[in-house]
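Just so you know, these numbers use all the heavy atoms, side chains as well, and skip hydrogens, waters and symmetry mates. Lettering follows sequence order; numbering is per chain, from 1.
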Amino acid sequence: MTHLNKTFAELGVRDEIVRALAEDGKVHPFAIQELTMPLALAGDDLIGQARTGMGKTLAFGVPLLQRIADDTERPLTGIPRALVLVPTRELCLQVSGDLAAAARYLRVGDRKFTVTSIYGGRPYEPQIEALQKGVDVGVGTPGRVLDLAQQGHLQLGGLSVLVLDEADEMLDLGFLPDIERILRLIPERRQAMLFSATMPDPIITLARTFMNKPTHIRAEAPHQSAVHSTTEQYVYRAHALDKVEMISRILQAEGRGATMIFTRTKRTAQKVADELAERGFKAAAVHGDLGQGAREKALQAFRTGEIDVLVATDVAARGIDIEDVTHVINYQIPEDEQSYVHRIGRTGRKGKAGVAVTLVDWDELTRWALIDKALGLGCPDPAETYSTSPHLYEELNIPKDAKGRVGPPHRPDAKRVSARSEERPTRTRTRVRRRTLRGKPIGSHPETPAAEQAPTPESAEEKPGSAPRRRRRRRRTTAGAGTPTANSTGGGNGSSTPASGAMAEKAGAATAAAAGG
DNA sequence: AAAAAAT
């Protein structure tokens, strides 16, 4: 599922790039990279789809670098020849870092090949200076790219390659206007490559309006789940006031590594991060209300392991590649199925195992059911999982009541707690779907580690100092589905791409991180 | 309806 058979060298990638990749442990390309190479090098427009963490960045990055570096008819002049657009500033830094790493041995005459990031929230000067000194590949966010282009500092007339990373997001309503403006500044004759793990049909239809007979390449068969089979998905119903407590217990699970917690709003992200920090966890928040410096600082601290809990809005849902993220927790359910796929895609990358826990609040049941249905998870009503999944239950050490139901955490302030616990939806539990949920997480491996009774770090005591927490509404729960593998081909509009051959399974290799500031 | 993205 992840790899085919050739090496980067065998695919015709030039020595300088092969050497850089090899030094970073990348010798065998991931399936999407190998499938994309021939078409991308030929200059074809294409839509590339592969699951999260399976090497999409280099799938367009390597051929992009190779193509413009090899173009003898149009030697590099320092005017950008390729532009990669991404939805967030942090992803901009990551992608530009990845491309710069792959290009580090390439040279243009007597200078180095240049990749630069162009994004907002930072002073203009450094970016303008870099552009004036000469840039071969630009990686940027729409707003700043447009801004610098309109100011005349970024010349887009020389582009021969345009890439939309997280393409479905880039073509979503919020970004579309900017993308359309940028397209008007780019030469008609250019190669366009769109990549994402999720590509809703309407988006593909829209994409075809500005692409030239794009080939749709998929590393997995269309019917396969967009989620890795190596990621175990759990869904629980949870009451608003219990979420932080539940999470604090999950955070004590044996084997937990770096963990990302997603919220629907910026306020909640900050609140949860603060509460977890108060409880002694090494946590920080990342969301759009923070200054760019704080955003990058938090992400960097998370990358280095200085902190191991990152609470974020969807600003960090896509593309961010951090090794060893073992758990992803949805404190609030995502807006749609694409967001769910991308959020939990922060774990289980490159063949590694991952755990995704979604907490669903009563108010979110209807919306959750839609996501469940869209992804075929088979767990539409978390309320019914209330007393199931004893397995995970033990593993996460989430408290349950005498009847074995996942109950509210034990709190000194028994009054309030008991009152609320009586309201718990004991009733709603139909047994119908229980079989689906019994025991192991839906779609996960039958064998899972046993429980671990880790003591709560700090029981939920009332913090004198902390102000009475304002509660927000929104919750989530339930389990996920397992997944597949393999490759296949997708027939895009007119053209289609051949499926891949046998996929050798190999861990390691491929995509890397790097960010650079 | 939320978040992101230029200032």
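When DNA chain B is scanned 5' to 3' for any atom under 4.0 Å from a heavy atom of chain A, the first and last hits are B:dA1 to B:dT7.
Applying the side chain to side chain contact (heavy atoms under 4.5 Å, CB included) criterion to A:Arg67, with sequence neighbours excluded, gives A:Val161, A:Gln191. The salt bridge (charged side-chain N to carboxylate O under 4.0 Å, His left out) check on A:Asp308 picks up A:Arg256, with sequence neighbours excluded. Residues satisfying the ring pair (Phe, Tyr, Trp, His ring centres under 6.0 Å) test with A:Phe60, not counting sequence neighbours, are A:Phe195.
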Name the atoms and distances for all side-chain donor-acceptor pairs under 3.5 Å in residues 175-186 of chain A, with sequence neighbours left out.
unit_1, atom_1, unit_2, atom_2, d
A:Asp178, OD1, A:Arg181, NH1, 2.7

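Backbone-only engagement by A:Arg295 is indicated by non-hydrogen atom pairs under 4.0 Å involving sugar-phosphate atoms exclusively. At the heavy-atom level, A:Gly174 lies under 4.0 Å from base atoms of the strands shown.
Residue pairs meeting the salt bridge (Lys or Arg N to Asp or Glu O under 4.0 Å) criterion with at least one partner in residues 149-173 of chain A, sequence neighbours excluded, are A:Glu166-A:Arg318, A:Asp168-A:Arg318, A:Glu169-A:Arg318.
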